[in-house]
Amino acid sequence: MKEHLQELLATALKRLFADAGVEHAATIQLDPTKDAKFGDFQSNLALQLAKPLGKPPRMIAEALVKMLPDSTRVARIEIAGPGFINFFLAPAAFQAVVAEIIEQGEDYGCDRSGNKGRIMVEFVSANPTGPMHVGHGRGAAYGDSISKLLAATGWQVWREYYINDAGRQVDILALSVWVRYLELCGENVPLPQRAYPAEYIRKTAQVLHSEHGDGLRFPAATVLDDLPQEPIPGPADSEQEKAAAKTGQETYMDALIVRAKTLLGERYELIRKAALTDQLAAIRKTLADFNVEFDQWSSERELVDSGFVSTALTRLEQMNLTYEKDGALWMRTEQYGDEKDRVLIKADGSATYFCNDLAYHVNKLDRGYPTLMDVWGADHHGYIARVRAAIEALTQRKDALNVQLIQFVTLSSGRMGKRSGNFVTLQDLVDEAGTDATRFFYLTRSHDQHLEFDIDLARSQSNDNPVYYVQYAHARICRVFEQLVEKGGDWDPLTAKLTLHRLTNEHEKTLLTLLNRYPDMLERAASAYTPHTVVFFLKDLAEALHGYYNVHRFLVEDDPELQAARLALIAATGTVIRAGLKILGVSAPEKM
RNA sequence: GCCCUUGUAGCUCAGGGGAUAGAGCAUCCGCCUCCUAAGCGGAGGGUCGCAGGUUCGAUUCCUGCCAAGGGCACCA
């Protein structure tokens, strides 16, 4: 429809220029109007041309309108305000969308061709060292919805979770479990300051203890033999002293890890694996409860063990992208926009996180995904430049990596006020508020906006909870069709299509306008990577439905033609609500 | 110090260079004999952080300043 009007304007413009004997490159801008009194579409073309043509905009508008070709889809055209050209469409042009939606179902407005190519979306990728918190939840909701949105607008999407199971934090996790295990054996090894103190660590330790008895036990004196005292800063210490203590604690932690590996030998791997398995199982359960799925879970450790990381390093060397300095291997990221070059292999011979992560990205490219989307927490901002630089060096393309940063989440509630989101797990949130309310909440804000999550509101089963507003519209539509059957009536989509000209009142017009905008809205949301656009659209659609419902009856027994038309309209509305909610990962209940 | 994000109604936030800046919550007033009142209609509430610039037109784009949050490792 929009294209059609643009063509009309282009023709008029050509004629105008021919008449006046001038050339000017004007982009034909056409926008949906905000207010129905300005018609359905508006163009500011005449305003743009006022200066280059040296004539008042209203005069240009009049000339343009005169030159516009006739179209059956346009009811009338008005010139308004400073020189806007407002198009009022013929009702039939709007009504046709109902038939289209009934035919195409939930795929209406979608492009399932996959013509835009393959894209890999990596999201969540939370460290498997503890439960996911509400910040991860936001990334999960966003990543899942943007994937669905991209898949609905012409992309072939592959979703992945990168498991960071090779770094030091996993050793810390394993050690934490072991200390708790020793505790169960009756050994007094104090939990290091830098270890994970949480309850879930004990559970793994208990399972280990029941399965292996004292098989992993060593006397506390042996474990702590020769180890330095762990520094614990007092409250009166200066910032400097506290920082020094922290460094000391890290050193102590590392020494303890080495001790564990030495004493346990191959048995260390047993503990490591048990800890990882438990954490990953918890994460998988939470994500499943949250209605988030992945095509693949990729392990960092497997990437290392399979030799892929060294292969990737060799390739970087061959491309002359690396060099040695101070005993470390560096990558030349600075010449690709990073603020400095970065270390891949440390002087002690171990790989940096960046090294393995980069290899993982190389792996993604190798698997045939020219576009990589990474959904990261806002705290990873400083990390973008180096990965982007590295990917550009490898692909010679600036657009190969698409990073979406998700801003922080703070929790609030009437009783507790603001508090940090890191201390509430996503599992708790989903258990208490439910997947629908939680996901809807997350996606109601733009992802680059800090989010204040009102737990009490999400939890409330009352009309205050915004998710119900949209779901209720859907349930109401379903109820009407239920009533129809109860009354012994029937409704045939094929014949209903012939009745659409009866949809003429204001409420019907509003709904038709919104339904017509759905495809455009999807495309806009996808290309701007903003699932929240879908949320706001659905709220508008639900509002239009509720208003309609309140004023008009859909089951009009004395006018079968009108009834058929209205049922067609609300059936189409229901379909679009369902499709939209599906993109958000929210259910569309038939009863509430 | 440098980099990124944000600043819009009492609160939480939408807003695609356009006409009179919107929604939800909160406050106030109405609407169920009728397909679900988890709904609808109405009222009040604004220096779009501040100052410049670009433009016919700026909440929107650019620059500076102020404020909030985050980031600046041979950590992960």
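Chain A is the first sequence line, chain B the second, and so forth, proteins listed ahead of strands; every chain is numbered from 1.
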Have a look at [X] and say if it touches a base, only the backbone sugar-phosphate, or nothing, with a 4.0 Å heavy-atom cut-off.
{"X": "A:Glu339", "value": "sugar-phosphate"}
{"X": "A:Ala385", "value": "nothing"}
{"X": "A:His507", "value": "nothing"}
{"X": "A:Phe554", "value": "base"}
{"X": "A:Tyr469", "value": "sugar-phosphate"}
{"X": "A:Lys340", "value": "sugar-phosphate"}
{"X": "A:Ala378", "value": "sugar-phosphate"}
{"X": "A:Thr33", "value": "nothing"}
{"X": "A:Asn86", "value": "base"}
{"X": "A:Tyr383", "value": "base"}
{"X": "A:Lys34", "value": "sugar-phosphate"}

Looking at [X] and [Y], does any basic side-chain N land under 4.0 Å from a carboxylate oxygen?
{"X": "A:Lys325", "Y": "A:Asp341", "answer": "no"}
{"X": "A:Glu392", "Y": "A:Lys398", "answer": "yes"}
{"X": "A:Lys509", "Y": "A:Glu506", "answer": "no"}
{"X": "A:Glu590", "Y": "A:Arg578", "answer": "no"}

Legend entry - 5' priority, RNA chain B, between A:His380 and A:Val551 [closest heavy atom]: A:Val551
Inset, instruction - By nearest nucleotide on RNA chain B, pick out whichever of A:Asp348 and A:Phe38 is the more 5' one. - result: A:Phe38
In whole angstroms, how far is the [atom2] atom of [N] from the [atom1] atom of [X]?
{"X": "A:Arg388", "N": "B:C4", "atom1": "CZ", "atom2": "P", "value": "12 Å"}
{"X": "A:Asp379", "N": "B:C75", "atom1": "CG", "atom2": "C1'", "value": "13 Å"}
{"X": "A:Arg476", "N": "B:A37", "atom1": "CZ", "atom2": "C1'", "value": "7 Å"}
{"X": "A:Gln407", "N": "B:A68", "atom1": "CD", "atom2": "P", "value": "17 Å"}

Inset, instruction - Using the ring of A:Phe354 (Phe, Tyr or Trp, six-membered ring only), decide whether A:Arg342 places NZ or CZ under 6.0 Å from its centre and within 45 degrees of its axis. - result: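 Negative - A:Arg342 is either too far from the ring of A:Phe354 or too far off its axis.
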Which nucleotide, if any, forms a Watson-Crick or G-U wobble pair with [N], using both distances under 3.5 Å?
{"N": "B:U63", "answer": "B:A51"}
{"N": "B:U20", "answer": "none"}
{"N": "B:A43", "answer": "B:U27"}

Inset, instruction - Over 60° means perpendicular and under 30° means parallel, so classify the ring planes of A:Tyr383 and A:His380, tilted if in between. - result: perpendicular
Considering just the side-chain nitrogens and oxygens of [X], establish if one lies under 4.0 Å of OP1 or OP2 belonging to [N].
{"X": "A:Lys539", "N": "B:A23", "result": "no"}
{"X": "A:His447", "N": "B:U5", "result": "no"}
{"X": "A:Gln449", "N": "B:A14", "result": "yes"}

Please determine whether any donor N or O and acceptor N or O are separated by less than 3.5 Å between the side chain of [X] and the base of [N].
{"X": "A:Asp165", "N": "B:A76", "result": "no"}
{"X": "A:Glu543", "N": "B:A23", "result": "no"}
{"X": "A:Asn44", "N": "B:G18", "result": "yes"}

Of the listed nucleotides [options], the one nearest the side chain of [X]:
{"X": "A:Met592", "options": "B:A37, B:A38, B:U20", "answer": "B:A38"}
{"X": "A:His381", "options": "B:G16, B:A19, B:G70", "answer": "B:G70"}
{"X": "A:Lys51", "options": "B:U20, B:G18, B:U55", "answer": "B:U55"}

Legend entry - Side-chain heavy atoms of A:Tyr469 within contact of A:Glu543, under 4.5 Å: yes
Legend entry - Assigned glycosidic conformation for B:C65 [threshold 90° from 0]: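 Nucleotide B:C65 adopts anti.
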